[in-house]
Amino acid sequence: MKKEHVLFWIVTGMSGAGKSQTINCFEDMGFFCVDNLPLALLPKMARLCSESGRRLQRVALGIDVREGGFLHNFLQTMAKLKRQGVDCRIVFLDAEDKALFRRFSETRRRHPLGKSVSAGIREERKQLLKIKELADKIIDTTDLTLAELKQRILDLFDNRRSARPDIQVSLVSFGYKHGLPVDADLVWDVRFMPNPNYKQHLRYKTGRDAP
């Protein structure tokens, strides 16, 4: 079986820095995404993707300190993948300590290292220093909006236009008595136009009829 070239982006970084949102950005761009993949499965995942054909040529994986033995196993696994010729790149999400602390406070989530939030942030930053040095791209999300984060991800592919998503436009006609479509981005109110239902010569025609 012929093996295809597979592009792997490893999404990692500080807890609370926006890894889940980044994974969503990759998914919107057509990547096959898996969050919190066990490191032990990464080499097997790379092999399966390379043998799966074009459908899984672009993959984004979220990996962080929730994975036991993260630091030691991560460095070993990355070295193994590179020896196997896997095109594997790292995007590292970071943010200032005060921003991370605020985000944990807002969500009331515990830090993955099981310590107080401030102690967990300090320890995690220390553990991830070597991985940050290996990163192909570091994104500081301290002051980024979600739209700005998505643009930073798109910037990774400036020379790869095929990685940019096609624009999709869906037009939906609806009646107000049924409520607005919940996923509409733009709504035009055309109730000022004459209702064809009350025009005898139009009542039994549809939108497919020219009149």
Show, in sequence, the C-alpha distance, side-chain angles and deciding distance for L42 and I63, and conclude whether the side-chain contact (heavy atoms from CB on, under 4.5 Å) test is met.
CA-CA 10 Å; L42 187 50; I63 301 176; 4.2 Å; yes
Please evaluate residues K130 and F74 with respect to the criterion side-chain contact (heavy atoms from CB on, under 4.5 Å), reporting the C-alpha separation (whole Å), side-chain torsions for both, the decisive distance (0.1 Å), and the verdict.
CA-CA 10 Å; K130 290 184 178 179; F74 184 86; over 6 Å; no
Side chain to side chain donor-acceptor pair (under 3.5 Å) between R103 and T141: does it pass, once the steps are laid out?
CA-CA 12 Å; R103 293 170 189 175; T141 67; 3.2 Å; yes
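When atom types are taken as modelled, the side chain of T142 and the backbone of E96 share a donor-acceptor pair closer than 3.5 angstrom. Proximity of a side-chain donor or acceptor of E124 to a complementary backbone N or O of S15 within less than 3.5 Å is detected. Between the side chain of E148 and the main chain of T145, a donor-acceptor pair closer than 3.5 Å is present.
Residue pairs meeting the salt bridge (charged side-chain N to carboxylate O under 4.0 Å, His left out) criterion with at least one partner in residues 185-198, sequence neighbours excluded, are D189-R191.
Ion pair R102/E106 flagged as a salt bridge, since at least one NZ, NE, NH1 or NH2 atom sits closer than 4.0 Å to an Asp/Glu carboxylate oxygen.
The line from CZ of F32 to CZ of R58 is 13.5 Å long, rounded to the nearest 0.5 Å. Atom CD1 of residue I90 and atom CG of residue L134 lie 5.5 Å apart, to the nearest 0.5 angstrom. From Q21, atom CD reaches atom CG of L93 across 8.5 Å, with rounding to the nearest 0.5 Å. In this structure, S116 OG and E123 CD are separated by 11.0 Å, a value rounded to the nearest 0.5 Å. Interatomic distance, F31 CZ to L7 CG, rounded to the nearest 0.5 Å: 5.0 Å. With rounding to the nearest 0.5 angstrom, the CD atom of Q76 is 9.5 Å from the NZ atom of K80.
Closest approach of P194 to K199, counting heavy atoms only: CB-CE, 4.1 Å. The minimum heavy-atom distance linking P211 with L202 is given by the pair CB-CD2, 3.8 Å. Summarising the geometry of A46 relative to L81, their closest heavy-atom pair is CB-CD2, 4.0 Å, with the distance given to 0.1 Å. Closest of all the heavy-atom pairs between T206 and D209 is N-OD2, 2.8 Å. Minimum interatomic distance between M14 and L100 (heavy atoms only, all atoms of both residues): CE-CD1, 3.8 Å. Taking both residues in full, the closest heavy atoms of D136 and C88 are given as OD2-O, 4.4 Å, listed atom of the first, atom of the second, then distance.
The shortest distance between side-chain heavy atoms of M78 and I131 does not fall below 4.5 Å. L61 has its side chain within reach of F8: a pair of non-hydrogen atoms, C-beta onward, lies under 4.5 Å apart. In this structure, V59 and C33 have side chains that are not in contact, with every pair of non-hydrogen atoms separated by 4.5 Å or more. For the pair I10/R89, no side-chain contact is recorded, criterion being any heavy-atom separation below 4.5 Å from C-beta on.
Residue R125 places its CZ atom among more than 12 non-hydrogen atoms of other residues, nucleotides or ligands, all under 6.0 Å distant.
Every side-chain contact (heavy atoms from CB on, under 4.5 Å) that R122 has, sequence neighbours left out, goes to S118, A119. Taking the ring pair (Phe, Tyr, Trp, His ring centres under 6.0 Å) definition, one finds that Y176 meets it with F174, sequence neighbours left out.
Results of the side-chain contact (heavy atoms from CB on, under 4.5 Å) test with I139 over D94, L144, T22 single out L144 as the only residue that passes.
Using the six-membered ring where Trp is involved, W9 and F26 have ring planes that are tilted, between 30° and 60° apart.
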